[in-house]
Structure formats: structure tokens, C-alpha cells
Trainee: 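One structure coming up, written as C-alpha cells, with questions to follow.
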Amino acid sequence: MKKEFLQTFSFEELQKTDVQEQAEYRKKYLQINDVEEMNSKYENILLLGSTGFLGLYLLNQLLLKSTANITLIVRAESVEQAQSRIYQQYRYYFEKDSYKANFQRIEFLTGDLTKNKFGLSENTYANLTGVIDAIINSAALVKHMGENSEFEAVTIEIIKNLIDFAEKGRKKDIHHMSTIGIIYGTKMNQERTIFTEYDDITEEGLTNQYFLSKEKAERLLFEARKRGIQSNIYRMSGILFDSKTGKYQRNINESTAYIYYRNLYKLGIIPADIRRKMDISCIDKISEAVIKLVLIKGHLNEVYHVINPHGLMIRDILNLVQECEENGEKEWIKQLVFEC
């Protein structure tokens with residue numbers, strides 16, 4: 001068991017960042033200076049995945065930062081049940097009054113994103129193709145383990161249906177939520193030391209089904225660009241709690257980042273080979289950044305890496321958890337680390 005354990009936590013040494021390479025990358029993005037935020041950029045936005053952790057926070061930011069009408073497709077027995085699902089989630093994470101103040105800007109539809117035409121009626125689907133001018137997609141199978149068929153049936157089918165919808169009726173921009181994790185395991189150019197938005201990716205070397213499905217989804221969007229479908233891709237890291245309230249996603253045991261930190265804390269060890277800083281991407285900050293990028297004038301067919309540049313070492317993260325325990329917050333730590 002010890003031998004197997006040591007092999008599990010064996011890592012190759014990371015290359016040191018090439019200074020010249022980093023300078024060239026910095027020069028590229030510093031040339032982007034025509035950034036103008038427009039809260040009225042879109043009139044009608046279709047938001048997919050609104051019942052999820054990220055999707056709900058994106059909905060909140062859209063209500064706060066844009067003037068658009070927002071359509072949600074929710075898996076439910078009725079429109080009333082769909083409204084209730086969103087409201088209950090919203091009340092858990094935010095002040096309920098902010099939701100009620102903007103309620104009239106939200107249209108609720110019942111459907112299934114994995115089905116043809118999102119499971120909507122012919123008339124409803126046809127009407128939607130004529131009014132929507134932007135699609136924000138945060139819908140996907142977000143767990144990191146499972147059968148390949150599961151990811152094909154959910155993540156990939158949603159992307160195919162989304163592209164098909166974008167090609168009909170009114171011109172629509174696609175804003176798709178992806179993951180920085182597609183770099184893990186891929187056979188990249190070994191001469192390069194940093195992975196940027198300007199680098200191409202391939203599925204060669206990827207073994208994780210979640211990352212494979214995300215990479216395939218990106219390729220489908222790149223292909224759609226050749227047919228005139230404009231899209232932006234937003235790659236993120238493991239999304240954590242709200243920086244202001246401390247609230248984590250309700251299905252916390254599906255968070256790989258949470259499971260990772262919890263198990264290290266329970267084991268009381270930190271693998272010596274892990275020397276890099278870990279990304280601390282809080283849900284409220286990430287969703288705010290994404291919507292700012294969505295609402296920028298122009299700048300389509302881009303890829304953005306949306307992560308917190310101020311990382312922390314694993315030791316520091318676990319020490320902060322321990323400090324909470326020592327400062328009388330033992331019950332909270334017990335619930336977070338041992339009972340979930």
C-alpha cells in the first residue's frame with residue numbers, strides 16, 4: 001500500500017518559466033486596449049445551466065450588470081416548479097430581494113438541454129431562435145469521474161444542440177464555460193514553459209473523461225467558427241466558495257478541489273513534491289470577471305483564462321483551516337472536513 005501511495009503522489013519537476021516567453025505573452029495581451037463594457041450589448045440572453053453553482057452566480061451578475069432579458073431552460077415538471085428551483089437556490093446564496101427586484105427580466109422554460117431542440121415545443125423553439133442574440137453555456141456534467149458515455153450524453157450533446165440553435169434565426173454569439181484542466185495530460189510543445197490563451201490544444205494524452213469532453217466541446221466550437229458562429233471560451237480552474245459569505249456549492253462532494261483539500265487535511269500530510277501554488281478561484285469573483293468579458297464591446301472568437309493570479313501553497317491553505325479550528329470555529333471545521 002505504501003508503494004502504491006508513493007506512486008500516486010509522484011510528480012515530474014515543473015520547468016522554470018522562460019522569461020523571454022513570458023515577456024512575449026505579456027506583450028500580446030497588453031496590446032488589447034480598446035476595452036469598453038456595454039451593459040446593453042445584448043437584448044435577450046439564453047443562459048444554460050442556471051441551476052448549477054456557476055450558472056446561478058452568472059445569472060446574478062447578469063441581473064446586476066446587464067439590461068438584457070434572460071431566458072432559462074430548467075428541467076422541471078412545470079414553469080412554477082422551474083421558478084421555485086431557481087428561487088430556492090437564489091435565496092440560499094444571495095439576498096432574496098435582489099432576485100425579486102429583477103424577476104420580470106427572467107423567462108422560465110421547461111426542457112432538457114440534452115434533447116433535440118432542448119426538449120421544447122416546435123413553436124417555442126422557433127420563437128426563441130428569432131429573439132435570442134447571445135447564449136451563455138455553463139451546463140455540463142461537472143463531476144471528474146464517470147463513464148465516457150455519460151459525458152458524451154450530457155456535455156457533448158448540449159454543445160451540439162447549442163451550436164444547432166445558434167445557426168438558426170437571429171445571429172447569436174456563444175459564450176462557453178470550459179476548464180484550464182484540458183492542459184493536464186495533453187502532449188503539448190515541450191519547448192514551451194507556460195500555457196496561454198494563444199496555444200493550441202489536442203486530446204492526445206488526455207485520459208480524464210471530464211477533460212476530454214471539455215476539449216471536444218471546444219473543438220466543436222472552433223469548427224463552428226468556420227461557419228460564421230462567433231464564440232468566446234472561458235477556461236477556469238477549480239471554483240471554490242464565495243469570498244464574501246464563505247458559502248460553497250450545495251453538492252460539495254462533487255467538487256474535486258474540495259475532496260482533495262479535505263482528504264489532505266484528514267490525512268494530516270502534504271506530498272513533498274507539490275511545490276506549485278494552488279489557484280484560489282472564488283465563485284463570486286470568477287462570475288463577475290466572466291460577465292465583464294461577456295459584455296465587452298467586440299472581442300469575439302477569443303479564449304480567456306479566468307483564474308486568480310494570487311495562488312497559495314497547499315501548506316498555507318491547510319494552515320488557514322487549522323487556524324479556524326484553533327480560533328473557536330471547531331464545529332464549522334468538523335462539519336466541513338469530516339461530516340460532508
Side-chain angles (χ1 to χ4, degrees), residues 39 42-115 117-121 124-125 127-128 131-143 154-155 157-158 161-162 165 172 174-177 234 236 239-255 282-291 294-295:
N39 62 0
Y42 298 116
E43 294 179 26
N44 297 285
I45 294 174
L46 174 62
L47 174 62
L48 306 181
S50 57
T51 56
F53 190 37
L54 176 60
L56 197 77
Y57 271 81
L58 291 175
L59 171 62
N60 183 54
Q61 285 297 315
L62 284 172
L63 292 174
L64 294 175
K65 301 290 175 60
S66 81
T67 59
N69 296 312
I70 303 157
T71 299
L72 309 179
I73 300 176
V74 182
R75 188 179 292 182
E77 295 296 323
S78 64
V79 169
E80 291 73 24
Q81 190 183 78
Q83 291 173 338
S84 178
R85 281 191 67 187
I86 296 294
Y87 178 65
Q88 293 302 324
Q89 286 281 78
Y90 210 96
R91 188 169 64 173
Y92 176 78
Y93 291 109
F94 313 108
E95 292 295 327
K96 56 184 177 182
D97 291 340
S98 62
Y99 175 77
K100 288 184 176 179
N102 294 284
F103 183 78
Q104 72 282 357
R105 286 170 53 199
I106 306 173
E107 180 183 8
F108 294 87
L109 298 174
T110 61
D112 185 338
L113 301 180
T114 64
K115 292 182 178 179
K117 297 182 180 179
F118 302 135
L120 303 174
S121 69
T124 301
Y125 185 81
N127 290 336
L128 213 56
V131 298
I132 296 297
D133 51 3
I135 309 159
I136 299 177
N137 179 39
S138 67
L141 190 62
V142 297
K143 63 181 183 178
V154 180
T155 304
E157 282 306 310
I158 290 173
N161 291 340
L162 181 157
F165 175 75
K172 308 170 189 66
I174 297 174
H175 298 273
H176 172 67
M177 307 303 121
Y234 306 83
M236 305 164 205
I239 298 175
L240 303 176
F241 50 85
D242 188 307
S243 69
K244 299 181 185 69
T245 66
K247 287 188 177 179
Y248 213 112
Q249 65 189 71
R250 299 179 89 169
N251 55 335
I252 191 169
N253 274 312
E254 290 187 11
S255 166
C282 291
I283 183 67
D284 54 319
K285 300 296 184 184
I286 291 298
S287 57
E288 182 181 358
V290 166
I291 296 304
V294 166
L295 296 177

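Note that the coordinates shown come from a computational prediction; the quantities given were computed from them, not determined experimentally. Residue numbers run from 1 in the order of the sequence given.
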Trainee: Can you check whether Ser243's main-chain N or O pairs, donor with acceptor, with Asp284's side chain at less than 3.5 Å?
Mentor: yes

Trainee: Does NZ or CZ of Lys117 lie under 6.0 Å from the centre of the six-membered ring of Phe165, at an angle within 45° of the ring axis?
Mentor: no

Trainee: Measuring from atom OH of Tyr125 to atom CD1 of Ile73, what distance do you get when rounded to the nearest 0.5 angstrom?
Mentor: 9.0 Å

Trainee: Would you mind reporting whether Phe94 and Leu56 have side-chain heavy atoms less than 4.5 Å apart?
Mentor: yes

Trainee: Would you sort out whether Leu240 and Ile283 count as a side-chain contact (heavy atoms from CB on, under 4.5 Å), showing the intermediate values?
Mentor: CA-CA 6 Å; Leu240 303 176; Ile283 183 67; over 6 Å; no

Trainee: If you look at every heavy atom in Gly55 and Leu47, which pair is closest and at what distance?
Mentor: O-CD2, 3.7 Å

Trainee: Could you walk me through whether Thr110 and Phe118 pass the side-chain contact (heavy atoms from CB on, under 4.5 Å) test, one step at a time?
Mentor: CA-CA 9 Å; Thr110 61; Phe118 302 135; over 6 Å; no

Trainee: Got a sec, which residues hit side-chain contact (heavy atoms from CB on, under 4.5 Å) with Thr245, two or more places apart in sequence or on another chain?
Mentor: Asp242, Lys247

Trainee: Return the orientation label for the His175 and Tyr42 ring planes: parallel under 30°, perpendicular over 60°, tilted otherwise.
Mentor: perpendicular

Trainee: Roughly how far apart are Ser287 OG and Met236 CE, rounded to 0.5 Å?
Mentor: 9.0 Å

Trainee: What pairs meet the salt bridge (Lys or Arg N to Asp or Glu O under 4.0 Å) rule with one or both residues in residues 63-80, with sequence neighbours excluded?
Mentor: Lys65-Glu288, Arg75-Asp112

Trainee: Do side-chain atoms of Arg105 reach the backbone of Leu63 as a donor and acceptor pair under 3.5 angstrom?
Mentor: yes

Trainee: Compute whether any side-chain donor of one residue and acceptor of the other, for Thr67 and Asn39, lie under 3.5 angstrom apart.
Mentor: no

Trainee: Nearest 0.5 Å, please: how far is CD in Gln249 from CG in Leu54?
Mentor: 10.0 Å

Trainee: May I ask you to decide if Leu120's main-chain N or O and Thr124's side chain share a donor-acceptor pair within less than 3.5 Å?
Mentor: no

Trainee: Under the 3.5 angstrom rule, does the side chain of Gln61 hit a backbone N or O of Ile291 as a donor-acceptor pair?
Mentor: no

Trainee: Taking all atoms of both residues into account, what is the closest heavy-atom pair of Phe103 and Gln83, and its distance?
Mentor: CZ-NE2, 3.7 Å

Trainee: Rounded to the nearest 0.5 Å, what separates atom OG in Ser138 from atom CD1 in Ile158?
Mentor: 9.5 Å

Trainee: Is the distance between the ring centroids of Phe53 and Tyr93 under 6.0 Å?
Mentor: yes

Trainee: Test side-chain contact (heavy atoms from CB on, under 4.5 Å) on Asn69 and Ile45 and set out the steps.
Mentor: CA-CA 6 Å; Asn69 296 312; Ile45 294 174; over 6 Å; no

Trainee: Closest approach of Arg250 and Gln88, non-hydrogen atoms and distance?
Mentor: NH1-O, 3.9 Å

Trainee: Looking at Asn44 and Thr71, would you say the former's side chain and the latter's main chain have a donor-acceptor pair under 3.5 Å?
Mentor: no

Trainee: Closest heavy-atom contact between Asn161 and Lys115?
Mentor: ND2-O, 2.9 Å

Trainee: Looking at every heavy atom in both Leu113 and Gly49, which two are closest together, and how far apart are they?
Mentor: CD1-N, 4.1 Å

Trainee: For Lys172 and Ile135, work out which heavy atoms get closest and say how close.
Mentor: CD-CD1, 4.2 Å

Trainee: Working note: Leu109 + Leu128, criterion side-chain contact (heavy atoms from CB on, under 4.5 Å); need CA distance, chi angles, decisive distance, verdict.
Mentor: CA-CA 11 Å; Leu109 298 174; Leu128 213 56; 4.0 Å; yes

Trainee: At what distance, to the nearest 0.5 angstrom, does CD1 of Ile106 lie from OG of Ser50?
Mentor: 8.5 Å

Trainee: Enter the distance from Leu46:CG to Leu162:CG here, rounded to the nearest 0.5 Å.
Mentor: 7.5 Å

